Amino acid sequence: MKSDEYSFASDNCAGVDLDIMRALNDVNQGYVHSYGDDVYTNKAKETIKNMFGGKASVYFVYNGTGANVTGISQLVHSYHTVFCSQVGHIHVDECGSLEHNAGCKVIALPSTDGKIFPEQIAPLLVGIGDEHRSQPGLISITQSTEYGVVYSQEEISKLAVFAHDNNMHLHMDGARISNAAAALNLPLRAFTSECGVDLLSLGATKNGLMFGEAVVFLNEALDKCYPYVRKQGMQLHSKMRFIAAQFEEMFGTDRWLNNATHANNMAQRLVRGIEKHPQITITQKVQCNAIFAILPESMIPDLQSLFHFYVWDESKGEVRLMTSFQTTQQEVDHFVDAINRLMQ
Ligand SMILES: Cc1ncc(COP(=O)(O)O)c(C=O)c1O
């Protein structure tokens, strides 16, 4: 990494929101019961439950992979199939943890922007009740997608109806759900619980937490036995107040929305700065905090000597640029200036 200050590689490269640091410090007083049996955890769980309309079971875990894998493991058996997109984090970036832990089959569907649709899954629902075949168990979507694109409420509702009509559950990987909410200008519940999503991995690390994720069963009845799954999955934190305090600070205030709105705005500023060059092709809709762009190949090493970012697809010269709650206008402008200079 070239500079701590100028990373467009990932929102994971950003630090921790200072108010989250303060919240961690504030709860670092005295003794409380361990493993979540404490006032801070109960408060944060209540805050999140209310955010989703009052009917949700909330469990804190360490990270996004842990939330996805333990949450989905609760809802499927090893004879089930999980449908997701071919760029789904559960499929490409979790080291086969879902297959390893749940033992289920994963079918990854083609997608150009990370979204999947019922029409792609319907033809695959064959052999239902045939003991020789894996049985459809769950659809997993990512909001916002790995390409920074958002599902509309209508698209999510259709997926939920389709899943339920076919005895499946709908899971949402919400590692960047706050960015999606900011882009849609909707409260979180409007495109989750109110659209029929059963299980949500509620992330906030990319938006300013130090660590932690929440597994939220939006259909409360579905969480039975999950505490055992979480413990077996090594995701039960003993000093739970330190995850809970971060969530309370993030979601008990508007911080989640303000941070995500800022990250999205920085992406808009960046894309406006670079899209004017005819040599640059923006390959995805910029709706949240990610920009995918094809740059002239010769320019990439020079830019990478100045800024940290990833080449997403080497064959096309496509790069991914990400902004975060921490990105400043000045950082964006420096990046745009560098591109302007290299284009001359
Ligand atoms: C879409 C998505 N889901 C989940 C995660 C969470 O992963 P981790 O286990 O690193 O917290 C990430 C992190 O990059 C992600 O991009």
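First listed ligand is number 1; within each ligand, the first listed atom is number 1. Note that the structure is predicted; figures quoted are calculated from it, not measured.
Distance from atom 14 (O) of ligand 1 to its nearest protein heavy atom, with residue and atom name: K206 NZ, 3.0 Å. Ranking protein heavy atoms by distance to atom 7 (O) of ligand 1, first place goes to H89 CE1, 3.4 Å. Nearest protein neighbour of atom 11 (O) of ligand 1, counting heavy atoms only, is G64 N, 2.9 Å. Among protein heavy atoms, atom 3 (N) of ligand 1 sits closest to D173 OD2, 2.7 Å. Of the protein's non-hydrogen atoms, the one nearest atom 16 (O) of ligand 1 is R176 NH1, 3.1 Å.
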(request) Determine, stepwise, if the pair D26 / R22 fulfils salt bridge (Lys or Arg N to Asp or Glu O under 4.0 Å). (result) CA-CA 6 Å; D26 287 349; R22 184 189 40 72; 3.1 Å; yes

(request) Kindly determine whether E94 and H89 satisfy side-chain hydrogen bond (donor to acceptor under 3.5 Å, both in side chains), including the steps that lead there. (result) CA-CA 6 Å; E94 297 184 1; H89 201 265; 2.5 Å; yes

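Across all non-hydrogen atoms, the minimal contact from V271 to I291 is N-CD1, 3.8 Å.
The N63 neighbourhood of ligand 1 comprises atoms 9 (O), 11 (O), with distances under 4.0 Å to a heavy atom of that residue. For ligand 1, the atoms sitting less than 4.0 Å from at least one non-hydrogen atom of E146 are 1 (C), numbered in the order shown with element in parentheses. Counting atoms of ligand 1 from 1 in the listed order, those under 4.0 Å from a heavy atom of A175 are 2 (C), 3 (N), 4 (C), 5 (C), 15 (C).
If you check the side chains of S85 and H91, you find no donor sitting under 3.5 Å from an acceptor. Residues N259 and N207 bring no donor and acceptor atom of their side chains to less than 3.5 Å of each other.
Geometrically, K45 does not engage F60 in a cation-pi contact, judged by NZ or CZ lying under 6.0 Å from the ring centre and within 45° of the ring axis.
Counting heavy atoms closer than 4.0 Å to ligand 1, residue E213 contributes nothing at all.
Less than 6.0 angstrom separates the ring centroid of Y147 from the ring centroid of F292.
In this structure, of T65, D93, V87, the residue bringing a heavy atom nearest to atom 10 (O) of ligand 1 is T65.
Put simply, part of T142 is less than 4.0 Å from ligand 1, judged by heavy atoms.
Note that the CZ atom of R189 and the CZ atom of F52 stand 10.0 Å from one another [nearest 0.5 Å].
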